[in-house]
Q: 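Below is one structure. I have some questions about it.
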Amino acid sequence: MSRPSKIVIASRESRLAMWQAVHVRDRLSSLNPGAEVVILGMTTKGDQILDRPLAEIGGKGLFIKELEVAMQEGRAHLAVHSMKDVPMVMPEGFVLAAISARENPRDAFVSNKYNGLDDLPAGAVVGTSSLRREAILRAKYPQLVIKSLRGNLDTRLKKLDAGEYDAIILAAAGLIRLGLKDRIKSVLTPEQSLPAPGQGALGIELVDGDSAMAAVVAPLNDAETAHCVKAERSFSRALGGSCQVPLGGYAVIDNGQLWLRGFVATADGKEMVSAELRGNPADDEALGLQLAAELRAKGADAILEKLAHCK
Ligand SMILES: NCc1[nH]cc(CCC(=O)O)c1CC(=O)O
């Protein structure tokens, strides 16, 4: 197959999105010495509307729509995403062609005054806009006050520094990528805060059927990460995870087996159902479905019924 002479990567303009695009650009440049690899930066609706919770304005798809239009119109060939932000059901006409090796998938505790969740006094204000983190915090630390926190990483840190919060919870991966590892006071274990499906992994999205580009990005795929993320996403999809459900799903390869853990909760943290299983990594998506079925058998349906329904 002929190698493309130019590869255009569509990217959001936040510092994290740009870091990710540059990371992929540099890898593709060294894999394709004959090609010119460039980044097309653009602003999405999700970046512009910062005063309302994501759940209210339309969810994850908001961050990738403009990038997909650019690919559809041939202005770009591929888009790089934090897998956590990619809708569980891919829009018609697009595919995830590669999932690259995972950065630290855990949640991080960030504060200028305290070293960890257990140090926070009653009434301390903790910032997060993730329903998953909110449910976990409310279940384990009902004495804390949870306050909404949106915006890109730099904006969130600025709000913390301005004193609007006593602490905030962020993905460790984003902070590490931006050279902000020093801001992490402690990393939460999966037992304390089960990560979101896809957290810490990058995905490459292409127009379905673009076999030349699929061959270009294939070397970026990390088989173990891809199995784990596929299992997590299949689990989330089966529980309506694109529709703002407070859930966590996290897989690792342990002794050659895929070990998948998951939970569903109400945002107030009062109800929470968890389960885990192990199986063959090649059965990734089936394992996700199986875990979702197990959660339903344990009562997850009653929780899901109380949540806003998918439109
Ligand atoms: N929701 C926004 C988002 N999407 C991806 C990351 C971090 C990097 C990653 O998970 O790969 C973040 C920031 C955060 O949750 O703190």
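As the structure lists them, so they are numbered: ligands from 1, and atoms in each ligand from 1.
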Q: With respect to atom 6 (C) of ligand 1, which of M83, K84, R132 exhibits the smallest heavy-atom separation?
A: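 Of the listed residues, K84 has the closest heavy atom.
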Q: In this structure, which one of Q20, E205, R12 forms a side chain to side chain donor-acceptor pair (under 3.5 Å) with H81?
A: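 Looking at Q20, E205, R12, the match for H81 under the side chain to side chain donor-acceptor pair (under 3.5 Å) is E205.
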Q: Heavy atom of R133 under 4.0 Å from ligand 1?
A: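 Right, R133 reaches ligand 1.
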Q: Pairs of nitrogen or oxygen atoms closer than 3.5 Å, one from G174 and one from ligand 1: do any exist?
A: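 So ligand 1 has no N or O lying under 3.5 Å from an N or O of G174.
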Q: Do W259 and Y250 make a side-chain contact, defined as non-hydrogen atoms from C-beta onward lying under 4.5 Å apart?
A: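 Heavy-atom side-chain distance check fails, nothing below 4.5 Å.
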Q: Show which atoms of ligand 1 fall inside a sub-4.0 Å distance from at least one heavy-atom site of Q199.
A: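 Checking each atom against Q199, I get 10 (O).
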Q: Under a 4.0 Å N-O cut-off, is there an ion pair linking E134 with R138?
A: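 Result for this pair is yes, salt bridge flagged.
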Q: Within the 4.0 Å heavy-atom shell around R177, which atoms of ligand 1 are there?
A: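 Answer, ordered by atom number: 8 (C), 9 (C), 11 (O).
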Q: Does a sphere of radius 6.0 Å around NZ in K158 hold more than 12 heavy atoms from other residues, nucleotides or ligands, not counting ones at 6.0 Å or beyond?
A: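 Open.
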Q: Between H227 and D284 (side chain of the first, backbone of the second, donor and acceptor by atom type, cut-off under 3.5 Å), is there such a pair?
A: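 Checked: no pair found.
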Q: Can you see whether Y114 has K185 sitting over its ring - NZ or CZ less than 6.0 Å from the centre and within 45° of the normal?
A: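 No; the conditions do not both hold, so K185 does not lie above the ring face of Y114.
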Q: Short list, please: which atoms of ligand 1 are under 4.0 Å from a heavy atom of G200?
A: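 The list of qualifying atoms is 9 (C), 10 (O), 11 (O).
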Q: Charged N to carboxylate O below 4.0 Å: is that the case for R102 and E232?
A: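 Yes, this pair counts.
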Q: Are E103 and ligand 1 in contact, using a heavy-atom cut-off of under 4.0 Å?
A: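 No; E103 lies far enough from ligand 1 that no heavy-atom distance drops under 4.0 Å.
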Q: For L170, take its heavy atoms, then give the atoms of ligand 1 lying under 4.0 Å from any of them.
A: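 It comes down to these atoms of ligand 1: 16 (O).
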Q: Please work out whether any backbone atom (N, CA, C, O) or any side-chain heavy atom from C-beta onward of D85 is under 4.0 Å from ligand 1, and answer side chain, backbone, both or neither.
A: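 Under 4.0 Å from ligand 1, D85 contributes side-chain atoms alone.
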Q: Please report whether ligand 1 has a polar contact with G198, defined as an N or O pair separated by less than 3.5 Å (distance criterion only).
A: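 By distance alone, the answer is no.
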